[in-house]
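A short write-up of the structure that comes next.
Here the structure is a predicted model, which is why all the values come from computation and not from measurement. Proteins come first, then strands; the chains are lettered A, B, ... in the order of their sequence lines, and each starts at number 1.
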Amino acid sequence: MLCTLYHTIETTLREVTGQDEVFLGEGGEHADLASTVAFGLAKIRKKAPAEIARELAASLATREEMREINVEALGPYLNFHFRREIIERALQEATRPGYGSLSPRSERVVLEHTSANPNGPLHVGHIRNTILGDTLARSFRKAGYPLEVQYYVNDMGRQIAIVVWGFNTIADTPVPGEKGDHHVARIYIAANRELEARPECVAEVDRLMQLVEKGDPATVLLFREAVTECLEGFRETLQRLGARHDRFVWESDFIRNGDTDRVLAKISHMPECKNDGKLWLDLSSCGFEKEYVLRRSDGTSVYAARDLAYHTWKGRNFDRVIDVLGADHKLIGAQLIATMGLLGERAPEIVHFEFVSLPEGSMSTRAGKFVSADELLDEVTRRAMEEVTARRPELPETERQEIARSVALAAIRYDIVRISPEKSTVFDWKEALDFERQSGPYIQYAHARACSILEKAGEFEECVILENEHEMALARQIIRFPMVIESVVRELKPHLLAGYARELADLFNAFYHFEPVLKSEGLTRRSRLTLVKATRNTLAEALQTLGIDALSTM
RNA sequence: GGGCCUGUGGCUUAGCCUGGAUAGAGCGCCGGGCUUCUAACCCGGAUGUCGAGGGUUCGAAUCCCUCCAGGCCCGCCA
């Protein structure tokens, strides 16, 4: 509803000014929406900006489509205020389940995220991918898109060959209770150490890679077993993180089904294609100096070739293809996009995130230098349990554990999603264990407070009469929610939702502190209860989209 | 050496794409608030040459150029 208003004002402003581009943005403390068109027009019309703003305000005020919006010129600024009735009407929508969902769209979206190599457990770097991707996925569903979430399983890389080689050659003493992914990591780390000590064994790894590409049944089986063991561990971790994939797509399938050969055959006819033993593309016309190698001189394909086949398949089956990838994939991602363009196939949109490192340096699965997602979840849950037990000693243990699990997940997910992806970060235990302001639990807490009021209030008849600044500020924030969802999927920026939810909690806490709800009377009580209900509902919808449980008590 | 990303109070960070009203938060620090709807909370205060320099503009954290610092990439790895 707010989106409609925005477009109405924008269109009207365009007509009134005669300009194609009119800036209309958030008005902050001054207004609901504001425009600075008067500055630009000042030069054209050779008049003072303030005078132009005054004239525009006067002419806008006469327009029929602006009847529910107050326009005022404040100096050179054109400020738009929504009439109270609009806000009150929008607020009533906000009390209903599913608030913030946009109308269904037909554009099919495929979103790939995480896709970590199955050579060791997911660590705190990988889960930045998972959380970014899963929050985007939830946002797309909220925005009404039919969506499929995929995990691309790199099951035929050198790393997996090393794992398989390790399983064949290294004496393995089983560790009781060890998850598959941690087991694979242990073998992978040992195998790398062994290969470093005995470089002559590298040939055995190469041999495995050739056999698997040729489809040698025994080798294929070994690879599949190793990958499956690791993937079982991933599934468990992903589930704990609240992330779900609809489909696991195996890289090797694009060899077996002939797609890789087909795409390479097509490429071999392109003018950019070079074949000097190895097959590669000259993308210098697109600004890439490096050779984009697709097939080795021994005839085996490289990752890039399989990736082209995978993306061709995605592009032909979906209208919008989105990948969440680490910053280390920027070059290869740009080359992929350029090549898809040359092939006339739909290119993906790629969300890149910068690296997470440890205080002592970058993470490395091979060197065993990483903090696994499982360790992180365990430790944060343990701390959350301490916190819950200290605050709510009267609750039964199982309930405290359930709350602690939700609080821990909230802390982890929020801590990661709040930071814009282009910032590189250093993992910090202190921050991960912070449950205070600008944290996930802080937002959950606001929701729990709202639930508590509503539970005590019992039945009431909804009505909205906004009486003071705290109520107005809270209401304004609530009605922005659908536009935030819209922005997240348009700009692929999940951190906008994180910021929105935190601000909503801030405003609710201030309202909570200054305006008594249960102790107020008559219409005021009913109206405040309605506002609490709208807040509770909006917080719940926002939290759910962030993959965080909206707890009713904590 | 080349390319991409980042640089905002002691620390973490929003805003940058699309220039505009006093640069917005959290942590930490100082001072206040629990017989009152959950104090995982609220209120007030101190703390900023928006990495440096130049340019464009009526106006620059935001656009352009140069430089500095950090991260990532530049493989017949994935």
Student check: side-chain heavy atoms of A:Asn70 and A:Asn79 closer than 4.5 Å: no
Hey, does the side chain of [X] come within less than 4.0 Å of [N]'s phosphate (OP1/OP2), counting only N and O?
X        : N     : result
A:Arg449 : B:A39 : yes
A:Thr553 : B:U38 : no
A:Tyr442 : B:C42 : yes
A:Arg418 : B:A25 : no

Counting the atoms with a prime plus P, OP1 and OP2 as sugar-phosphate, which does [X] contact under 4.0 Å by heavy atoms, base, sugar-phosphate, or nothing?
X        : answer
A:His495 : sugar-phosphate
A:Ile419 : sugar-phosphate
A:Val532 : nothing
A:Ser362 : sugar-phosphate
A:Glu515 : base
A:Ser552 : base
A:Ser420 : sugar-phosphate
A:Val388 : base

Write down the distance separating the [atom1] atoms in [N] and [M], rounded off to the nearest Å.
N     : M     : atom1 : value
B:A61 : B:A14 : C1'   : 12 Å
B:U6  : B:G54 : P     : 24 Å
B:G31 : B:G9  : P     : 25 Å
B:C42 : B:A52 : C1'   : 41 Å

Residue A:Ser452, side-chain atoms from C-beta onward, closest of B:U38, B:C5, B:A21: B:U38
Options B:A21, B:C43, B:G15, nucleotide nearest the side-chain atoms of A:Tyr77: B:A21
For A:Glu387, all residues meeting side chain to side chain donor-acceptor pair (under 3.5 Å), sequence neighbours excluded: A:Arg383, A:Arg391
A:Glu360 bridged to A:Lys369 by N-O distance under 4.0 Å: no
Ion pair A:Arg392/A:Glu399, N-O distance below 4.0 Å: no
Lys NZ or Arg CZ of A:Arg449 over A:Tyr512 ring: under 6.0 Å, within 45°: yes
Given RNA chain B, 5'-ward residue of the pair A:Asn79 and A:Glu422, judged by closest heavy atom: A:Glu422
Given RNA chain B, 5'-ward residue of the pair A:Lys456 and A:Asn509, judged by closest heavy atom: A:Lys456
A:Arg207 atom CZ, over 12 foreign heavy atoms within 6.0 Å: no
B/S/- contact track for nucleotides 73-78 of chain B, protein heavy atom under 4.0 Å: SSSBSB
Nucleic acid contacts - residues 34-43 of chain A versus RNA chain B, non-hydrogen atoms under 4.0 Å: A:Ala34, A:Thr36, A:Phe39, A:Lys43
Under 3.5 Å, N/O pairs linking protein and nucleotides 32-36 of chain B:
residue	atom	partner	partner atom	Å
B:U36	O2'	A:Lys519	NZ	2.8

All pairs passing ring-ring contact (aromatic ring centres under 6.0 Å, His included) where residues 24-53 of chain A contributes a residue, at least two apart: A:Phe39-A:Tyr77
Between N or O atoms, less than 3.5 Å apart, protein on one side and nucleotides 7-10 of chain B on the other: list the pairs.
residue	atom	partner	partner atom	Å
B:G7	OP1	A:Lys423	NZ	2.9

